Amino acid sequence: MQIEKVYEPQRFEPRWAQWWVDKGFFTADAASTKPVFSIAIPPPNVTGNLHMGHMLEHTLIDVAARYHRMCGYNTLWLPGMDHAGIATQMVVEREMAKQGLSKYDLGREKFVERVWEWKEKYGGNILRQMREVGASVDWTRSRFTLDEGLSKAVREVFCGLNERGLLYRGEYLVNWCPRCETAVSDLEVEHEDIQGTLWHIRYPLKDSGEFLTVATTRPETMLGDTAVAVHPKDARYLHLHGRTVVLPLMGREIPIIADEMADPEFGTGVVKITPAHDPNDFEAGKRHDLPRIKVIDEHALMTPEAGRFAGLDRYEARKQVVAELESMGLLAGTAPHAMAISKCERCGTVIEPMLSTQWFVRMKPLADRAAAAVREGRIDVQPENWRRTLLHWLDGIHDWCVSRQLWWGHRIPAWHCGDCGEITISRTAPETCSKCGSSNLAQDNDVLDTWFSSGLWPFSTLGWPDGTKDLETFYPTSLMIMGYEILFLWCARMTMLGLEFAGDVPFRKVYIHGIVRDAQKRKMSKTRGNTVDPLDITIKYGTDAVRMALLTSAAPGSDIVWTEDKLPSSQAFANKIWNASRFLFLNIERAGFEPQIPEPAKSEAIEDRWIWSRLNKAADSVNRAIQQYRYHEAAQTMWHFLWNDFCDWYIELKKRRFQDGSGLDENWRNILNVFERALRLLHPSMPFITEELWQRLSPGEGASITVAAFPQYDANLDDPEAEDEMRRLQEVLIAARQIRSEENVPRKITMTFGLAGPAPFTSAVQRNREAILRLDNVEFDLVENSEPAFSLTRPATENGSAPVPSARMEKEIEQLEKNISNSKRQLGDDKFLSRAPAHIVDNIKTKLAEYESRLESLRR
RNA sequence: GGGCGCGUAGCUCAGUUGGUUAGAGCGCCUGCUUCACACGCAGGAGGUCCGGGGUUCGAGUCCCUGCGCGCCCACCA
């Protein structure tokens, strides 16, 4: 068999990815009686390409899924649907802008067609990309956002909410993005702290020479003021209650009201009220029945209500308003003011609180149920602090504005009567108005928030609202792995909607991972241009290496800082395994038999006993780690086992056994079995290389490591004696290597040491003389004594004696003296003796004896 | 204004319930073309675990506090 010196992932990865799909390994069987493990794979969002975050998330999910499948579960990789919404539209709009087109040039229908075309082209592109980085997904269950089944689920939920009294429509202040020309929810707004300005403006009292000075950060909104407020108990203004001021620039007479929202401590204690353009003022306006005058429109331009400022951009209007006030002597002053502005998460445009008619979902009842499910542990959220964060959000929930003034998305299933104005909400398009019977009906123009349909994902993808075998088998899903940036947007919504409509939690466990950041620890984002394309990276280093690099840094609760220099070492690790197998294959050929995984044989050889015990420990650790989402630990464990234990010691010790073509003997039976088991343990983390090697080792028909059993801890394989003996051998050899290295003795020259020490050391060396001679080219003259520690001396050579370098000795002596005095101090301390557990005390006693013995021999 | 997280070797980070001489990868130094691998092997240097208090026989780990970063949530003009 030809095995190349360097592992080339590109040769194998696409092949296995395709093969697994062809073999149907990712297709879960709803009819199976095996325990179910279903895991949700969030889709990459639609805006074009995969990014490193997708890669991380997919890797974690894939590790969990492969692990459970190997553990005997009926495993479903539940693919995500393709998101729709503002992001999609923005990308298409951007594309169109390059051709000098705007969506208005096309009109709604044509524009939607454009988006569909785009979706087909790039949506498919994303699937292809995911396949290329080894995404293991049952795409047959995949679903586009606007497909038939999902639309049905969306209508069902919308109508269901309505029937439960959880839906309402009305005119409120919503977050409005003037660039996207749509309402957005609170969660889609980003806050940015800026140094703003506080303008103090003097409002003249009617029938008096007095002025009231108000403070505002948005002077242009004064054009829409319908009152000014003072605190009811503010002694300075008691006499003004019920009086009237004349709004500068507009000449409108507006009342002075008493309302607690005015903070006497802030500014002058007087606040202007603009019910149409500020959430607080909107509420105050409701309390005092104030008119709402809209002076800024959906494009952020001033309305005719703004008088001579009409048509101006909001910021231009601000300038002119301030200038005019100043010239009129009504500007009492300005002051810098730290404040937060709201921006559209998608396009960065400053959000305008806008009076508009929207659809809302009443969240409190839904959130209460979700919170209860989390509190009662019906959903286990890990890491723990995210559980509290989620609960905190659920407890303080606001109603959800679900309507969007976009052209792409799920149309709201509500029909307006052109005659009586009645709104009919229905699963299917009604023929006539439910109130007046008119057939003059038009469907609501708004579409639903992307997250509305996304919130139905875990059950809509399984066939809900129809009762299907899939739904029955795989819902609730077992585990959801997602980044914290969509904890509220998605996780919370899925939980609420799942509980309400699918009758159970959408997933039993949620694991929240960190996000991938760039080398400067900034969030990766396309607009910033600091994204890394997983395709480039996987082509360069291989998917396995990329996965390993992500996994080894994926400690729970922390973000991953992505630097490309992590890749070469993962790549080196893949190559290391590759070459370990190369060693095996070359020797198999030399030994004269075919590659195979033979029956294991019991062996008394120290390296066999030791490696089995180590492997067993690794299996234990990997199983635990994956179950506890400690993927980095699983990856690191296998890395350490394969590189340090298997390659550095086990193979090195075995080498000498393969000198002559001895056939398929005990050595082979052990090493091949150990290697095969290690491949299985590594498979979830590095699926491709492990499959390739496994197939080469085990040329069976159609078998795959991907469905082989995951090795479990087996108490019978624990061999502490062998581990102890091996540890002693390693200690002795390392000590000898140090001396060889420091004395610059070439490997070719056999070194002979005097080894004086207790029986365990001397007998370990005695039993393995031949092995260690071959390994390090060292020999030992053994002297057994009753000291607790061994000591190494260099017998006289042709060059004279002088065994150990003195600098090293002095340093060690210093360290030993420190240790000894520490140990003695502890052992002389009555408190320590009486309170510390016995095994700690014993341990220190033993150590002390070892230190003293070692010190003694060094001094000699 | 609330809440959360971080600060450990030059760099990027591990370090489950407090326990003995704090680890890894990269980088650095020395020596090796040893017949699996130079994407390698062997050896080495490098840390007052951010500062200060406290609890404890014992603290990188728990508590308080200070400093420095970062994030999330929030309708105070």
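Each chain gets a letter, A, B and so on, in the order the sequences are listed, and its residues count up from 1. Computed over heavy atoms, backbone and side chain alike; hydrogens, waters and symmetry mates excluded. If you're wondering where the values come from, they're calculated on a predicted model, not measured in any experiment.
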**OP:** Consider the side chain of A:Asn385, meaning its heavy atoms from C-beta on, and name the nucleotide among B:rG19, B:rC4, B:rC13 that approaches it most closely.
**Re:** B:rC4
Original post:
OP1, OP2 of B:rC41 versus side-chain N and O of A:Lys576: anything below 4.0 Å?
Top reply: yes
**OP:** Return yes if some donor-acceptor pair links the side-chain N/O of A:Asn575 with the main-chain N/O of A:Tyr7 below 3.5 Å, else return no.
**Re:** yes
Subject >> Complementary nucleotide for B:rG70 - Watson-Crick or wobble, under 3.5 Å >> reply: B:rC4
Subject >> Interatomic distance at C1', B:rG31 relative to B:rG19, whole Å >> reply: 39 Å
**OP:** Could you tell me which nucleotide pairs with B:rG47 by Watson-Crick or G-U wobble geometry, both distances under 3.5 Å, or answer none if nothing does?
**Re:** none
Original post:
So, is A:Arg747 close to the B:rC32 phosphate, meaning a side-chain N or O under 4.0 Å from OP1 or OP2?
Top reply: no
Subject >> Whole-Å C1' distance, B:rU8 and B:rG47 >> reply: 8 Å
**OP:** Report yes if a side-chain nitrogen or oxygen of A:His392 is closer than 4.0 Å to either non-bridging phosphate oxygen (OP1 or OP2) of B:rA74; otherwise report no.
**Re:** no
**OP:** Identify, between A:Gln636 and A:Ile840, the residue whose nearest nucleotide on RNA chain B lies closer to the 5' end.
**Re:** A:Gln636
Subject >> Which residue lies more 5' along RNA chain B, comparing A:Trp649 with A:Gly557 via nearest heavy atoms >> reply: A:Gly557
Subject >> Rounded P spacing from B:rC64 to B:rC6 in Å >> reply: 14 Å
Subject >> Under-3.5 Å donor-acceptor pair between A:Glu652 side chain and B:rA36 base >> reply: yes
Original post:
How about A:Thr213 and A:Thr268: does a side-chain donor come under 3.5 Å of a side-chain acceptor?
Top reply: no
**OP:** Sticking with atom C1', work out how far B:rG70 lies from B:rC63, rounded to a whole angstrom.
**Re:** 24 Å
Subject >> Contact under 4.0 Å: A:Ser558 side-chain N or O vs B:rA14 OP1/OP2 >> reply: yes
Subject >> side-chain N/O A:Lys655 vs B:rC37 OP1/OP2, d < 4.0 Å >> reply: no
Original post:
Is any side-chain nitrogen or oxygen of A:Trp643 closer than 4.0 Å to OP1 or OP2 of B:rC41?
Top reply: yes
**OP:** May I ask you to verify if any side-chain N or O of A:Gln738 is less than 4.0 angstrom from the OP1 or OP2 atom of B:rG44?
**Re:** yes
Original post:
When you compare B:rG53 with B:rC67, how far apart are their C1' atoms, in angstrom units rounded to a whole number?
Top reply: 15 Å
**OP:** Could you please name the partner base of B:rA42, counting Watson-Crick and G-U wobble pairs only when both distances are under 3.5 Å?
**Re:** B:rU30
Subject >> CA sep, side-chain torsions, deciding dist, call: A:Arg696, A:Glu692, salt bridge (Lys or Arg N to Asp or Glu O under 4.0 Å) >> reply: CA-CA 6 Å; A:Arg696 289 182 183 219; A:Glu692 177 63 28; 2.6 Å; yes
Original post:
For the side chain of A:Asn579, counting heavy atoms from C-beta on, which of B:rC37, B:rC73, B:rC13 is nearest?
Top reply: B:rC37
Original post:
Taking the side chain of A:Arg517 as its heavy atoms from C-beta onward, which of B:rC73, B:rC37, B:rC71 lies nearest to it?
Top reply: B:rC71
Original post:
Expressed as a whole number of Å, how far does the P atom of B:rA9 sit from that of B:rC13?
Top reply: 11 Å
Subject >> Identified pairing partner of B:rU56, criterion: Watson-Crick or G-U wobble below 3.5 Å >> reply: none
Original post:
Which nucleotide in the set B:rG31, B:rG40, B:rG43 lies at the smallest distance from any side-chain heavy atom of A:Ile734?
Top reply: B:rG43
Original post:
Heavy atoms, side chains only, cut-off 4.5 Å: are A:Asn644 and A:Trp649 in contact?
Top reply: no
Original post:
If you measure from the C1' atom in B:rG23 to the same atom in B:rU61, how many Å do you get, rounded?
Top reply: 15 Å
Subject >> Span that lies between the P atom of B:rC26 and that of B:rA42, in whole angstrom >> reply: 12 Å
Original post:
Can you tell if the side chain of A:Pro556 reaches within under 4.5 Å of the side chain of A:Gln382, non-hydrogen atoms only?
Top reply: no
Original post:
Which listed nucleotide (B:rU12, B:rC39, B:rG44) is nearest to the side chain of A:Glu742?
Top reply: B:rG44
**OP:** Take A:His337 and A:Thr217, measure what side-chain contact (heavy atoms from CB on, under 4.5 Å) needs, and give me the verdict at the end.
**Re:** CA-CA 8 Å; A:His337 181 65; A:Thr217 53; 3.7 Å; yes
